[in-house]
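Order of the sequence lines sets the chain letters (A, B, ...), proteins ahead of strands, with each chain counted from 1. If you're wondering where the values come from, they're calculated on a predicted model, not measured in any experiment.
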2 protein chains.
Amino acid sequence: MGKDLSFKDKKVITIGIVRELTGLSERQIRYYEERKLIFPERSAGGSRKFSFSDIELLMEIANKIEDGIQTHEIRKEMQREQKKQNQEEVRRKMIQGQLNAQFGIRKQ
Amino acid sequence: MGKDLSFKDKKVITIGIVRELTGLSERQIRYYEERKLIFPERSAGGSRKFSFSDIELLMEIANKIEDGIQTHEIRKEMQREQKKQNQEEVRRKMIQGQLNAQFGIRKQ
DNA sequence: CGTGTAAGGAATTCTGACACG
DNA sequence: CGTGTAAGGAATTCTGACACG
């Protein structure tokens, strides 16, 4: 079920490192969060924590911004993609459910 | 050539996160560095930066310490393992070199 | 030997605001 | 709209040392 998200999706990287890794300014990174493009977690003290996936996403966002696409549009694009992936997920689960019903792989 | 060390070996995690992830105190983590068991990198300002591999290693170290093994012994164990892996690496490369020499996979 | 702790300082991060355009 | 910046404060991290054992 799902991919191996053990490392790539773990939110463990502070904003300073993200700045170095992406070349973006902290201002930009915080702004993209404000515009709901990325969703860092927070430490107990309030510091943002990012994942490697967030970093990859930030690079894509930066490219689109450079192409003149507005954050508003980028968010909509991302929602469309997310929706598509969700549907894919539902389809897979339904097929799996039917297989289980017919050929009966029972849980013990 | 080599494993995909893209994420697991990237030094991007600060000591506070490592503390949360491992359950160790910062004191312990710094001490294990002092004893040459782990090798975090440093940010420009001097903060330690760890990788996911470092975190896994820290868990192993913590277990051995609990078993009463001294840092000195742990380091020797690790060196032995490292040596073994290096020899393995050399062997692989030699075989590959002979294959290339006989069957000639040229670079372009 | 391995770890806790208080101390003082430096680097890091945070938010809200003003600015430009 | 997207980003830079100065401001003030809070959280984070650093080192060297003393303590216990």
Given [options], the nucleotide with the shortest approach to the side chain of [X]:
X     : options               : result
B:Y31 : D:dG2, D:dT13, C:dT3  : C:dT3
B:Y32 : C:dT3, D:dG2, D:dT13  : C:dT3
B:R48 : D:dT12, C:dG2, D:dC14 : D:dC14
B:Q70 : D:dG4, C:dG2, C:dT3   : C:dG2
A:I15 : C:dG4, C:dT15, C:dT13 : C:dT13

- Pair assignment for C:dC14, Watson-Crick or G-U wobble, requiring both distances under 3.5 Å: D:dG8
- Item | D:dT3 - base-pair partner by Watson-Crick or wobble geometry, distances under 3.5 Å | C:dA19
In whole angstroms, how far is the [atom2] atom of [N] from the [atom1] atom of [X]?
X     : N      : atom1 : atom2 : result
B:R19 : C:dT3  : CZ    : C1'   : 15 Å
B:E33 : D:dT15 : CD    : C1'   : 12 Å
A:E34 : C:dC14 : CD    : P     : 14 Å
B:I29 : D:dT15 : CD1   : C1'   : 16 Å
B:R42 : D:dT13 : CZ    : C1'   : 10 Å
B:Q28 : C:dT5  : CD    : P     : 11 Å
B:E26 : D:dT12 : CD    : P     : 9 Å
B:L58 : C:dG2  : CG    : P     : 14 Å

Any salt bridge linking [X] with [Y]? Criterion: basic side-chain nitrogen under 4.0 Å from a carboxylate oxygen.
X     : Y     : value
B:E41 : B:R48 : no
B:E77 : B:R80 : no
A:R92 : A:E89 : yes
A:K64 : A:E73 : no

- Report yes or no: does A:R75 contribute a side-chain atom to a donor-acceptor pair with the main-chain N or O of A:R35 at less than 3.5 Å? yes
- Task: Look at all strands and tell whether A:R30 reaches a base, only sugar-phosphate, or nothing, counting heavy atoms closer than 4.0 Å.
- Result: base
- Message: Centroid separation under 6.0 Å, is that true for the rings of B:F52 and A:F7?
- Response: yes
[N] phosphate, OP1 or OP2: any side-chain N/O from [X] under 4.0 angstrom?
X     : N      : value
B:T14 : D:dT13 : yes
A:R27 : D:dT5  : no
A:S43 : D:dT12 : yes
B:S25 : C:dG4  : yes
A:S47 : C:dC14 : no

